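Chain identifiers are assigned alphabetically (A, B, ...) following the order of the sequence lines, protein sequences preceding nucleic acid strands; residue numbering begins at 1 within each chain. Note that the structure is predicted; figures quoted are calculated from it, not measured.
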Protein chains: 2
Amino acid sequence: MAFLLRICTMPTALIIVNGLLPQPPILTDCLRQVDQIICADGGANRACAAGIIPDVIVGDLDSITPETRAQLCTTTYLYRPSQYATDLEKTLQYAVEQHIQKALLVGMTGFRLDHQICNLHMMEKFATHLELELHDDFGVGSFLIAPEPRSFRFETFPGQQISLFAFRKTAGIHTTGLKYPLKGESLTWAVRDGLSNEALHTEITIQITQGSLFCYRVRQLKSC
Amino acid sequence: MAFLLRICTMPTALIIVNGLLPQPPILTDCLRQVDQIICADGGANRACAAGIIPDVIVGDLDSITPETRAQLCTTTYLYRPSQYATDLEKTLQYAVEQHIQKALLVGMTGFRLDHQICNLHMMEKFATHLELELHDDFGVGSFLIAPEPRSFRFETFPGQQISLFAFRKTAGIHTTGLKYPLKGESLTWAVRDGLSNEALHTEITIQITQGSLFCYRVRQLKSC
């Protein structure tokens, strides 16, 4: 029965990547929402430093320090060597295999820019397979993917900054509840972005005809 | 004569954006290479904190603190209000108007992810107008733009990590001097990236048939 229940509830995971983890209040809030904790290789060092014990660690396992290994003796280590996939890719692949429905991603930002770009690129690659939400100190990011016209709804607060970006081009964007509405317009990489739009009330909707859009909702906290 | 000389030499600028500035050795090295210093609005606060006096500040001028203003009484303030352009866009536009040939960009990374993405998007937008180089603690980034087949050459050191990304799709990539060579292959956003390739010697070349590619060369310094 427990097994059946687990399948039915389609578990939510916290995936810890080897970047900068959010501050405790955000991290604690993420931990409250998840059923299991998975680290992408060196993310285990970040987890340990934050006092988090992961259930599973996936990857080359070449970035985990001996100190982390010593602390995580009850954790499952999944050795998946390959030069052709990053540890995050292997971890997301594992999450798909485990029928994870939703994953909160932390440690996706900070430090090396190429790692951050690659993390975003990988996030979009898997966004059709499971629901992914990036959490960092400054906001919450998600890719809105629509093989056909689809509407996405987000809870907001008045004045919340909402940024929209198309890597490549996204056409036919319609929004409601934003200060600068889009009415069937396009966003295109290196041509037009939707930086720092603003929620008017407690809900916005974003509809796209086809393609994908990265939506980043800035936290209430005043940031740098 | 001085005016003519200035036109002939096509000056290099340091553009300071409102993100995280690199550590002193990198910042000092950037300062040595430039003829003038331009800040994108709130970048002036970062400059002041690092002991740098800019020549010009461009933007809405709504992010400069009274303390910064008090310290920068000899600086030129260029008030360019507009809801439809970021301060970085206004600053790059100003650099183009001033016939700047090359600009080193600092403060492009760190803090809000949406700002970082927008900075990259803006960098590519202007990369056909002037030579742009992003410098942060972990590496040096540049967009390789080719309206027609073109080869780019970089000085490297053996083992240097070189990451290549296509926002959108870039076809016909040929490289020399890399551990994992590309031979007419494509890189595509959310499909295939070129994370952490490796220079074999002291020089690499990257040829692209058409389109653009973001190249990030990781510094020698071991990073997180």
Study note, to complete from the structure: Looking only at B/Cys118, B/Gly110, B/Ala127, B/Ser63, most heavy-atom pairs under 4.5 Å shared with chain A are made by B/Cys118
Check your understanding: What do you reckon, is CD of B/Gln83 surrounded by more than 12 foreign heavy atoms closer than 6.0 Å?
Key -> no
Point to revise | A/Glu148, CD atom: more than 12 neighbouring heavy atoms under 6.0 Å | key: no
**Study point:** Those residues of residues 168-184 of chain A, ordered by number, that approach chain B below 4.5 Å (heavy atom to heavy atom)
**Key:** A/Arg168, A/Tyr180
Review point. If contact means a heavy atom pair closer than 4.5 Å, which residues of residues 185-199 of chain A contact chain B?
Key: A/Thr188, A/Trp189, A/Ala190, A/Val191, A/Arg192, A/Asp193, A/Leu195, A/Ser196
**Study point:** chain B contact via A/Thr86 - which portion, at a heavy-atom distance below 4.5 Å
**Key:** side chain
Practice item. For residues B/Ile117 and A/Leu120, determine if any side-chain heavy atom of one lies less than 4.5 Å from a side-chain heavy atom of the other. Key: yes
Review point. Considering only heavy atoms from C-beta outward, does the side chain of B/Leu164 approach that of A/Asp114 to under 4.5 Å?
Key: no
Review point. About how many Å separate CD of A/Gln116 and OG1 of B/Thr109, when rounded to the nearest 0.5 Å?
Key: 7.5 Å
Study note, to complete from the structure: Most contact-rich option vs chain B, by heavy-atom pairs under 4.5 angstrom, among A/Ser212, A/Ser163, A/Ala166, is A/Ser163
Review point. Looking at residues at least two apart in the chain, or sitting in another chain, which of them share a ring pair (Phe, Tyr, Trp, His ring centres under 6.0 Å) with B/Phe214?
Key: B/Phe143
Check your understanding: Considering residues at least two apart in sequence or located in another chain, which fulfil the ring pair (Phe, Tyr, Trp, His ring centres under 6.0 Å) criterion with A/His201?
Key -> none
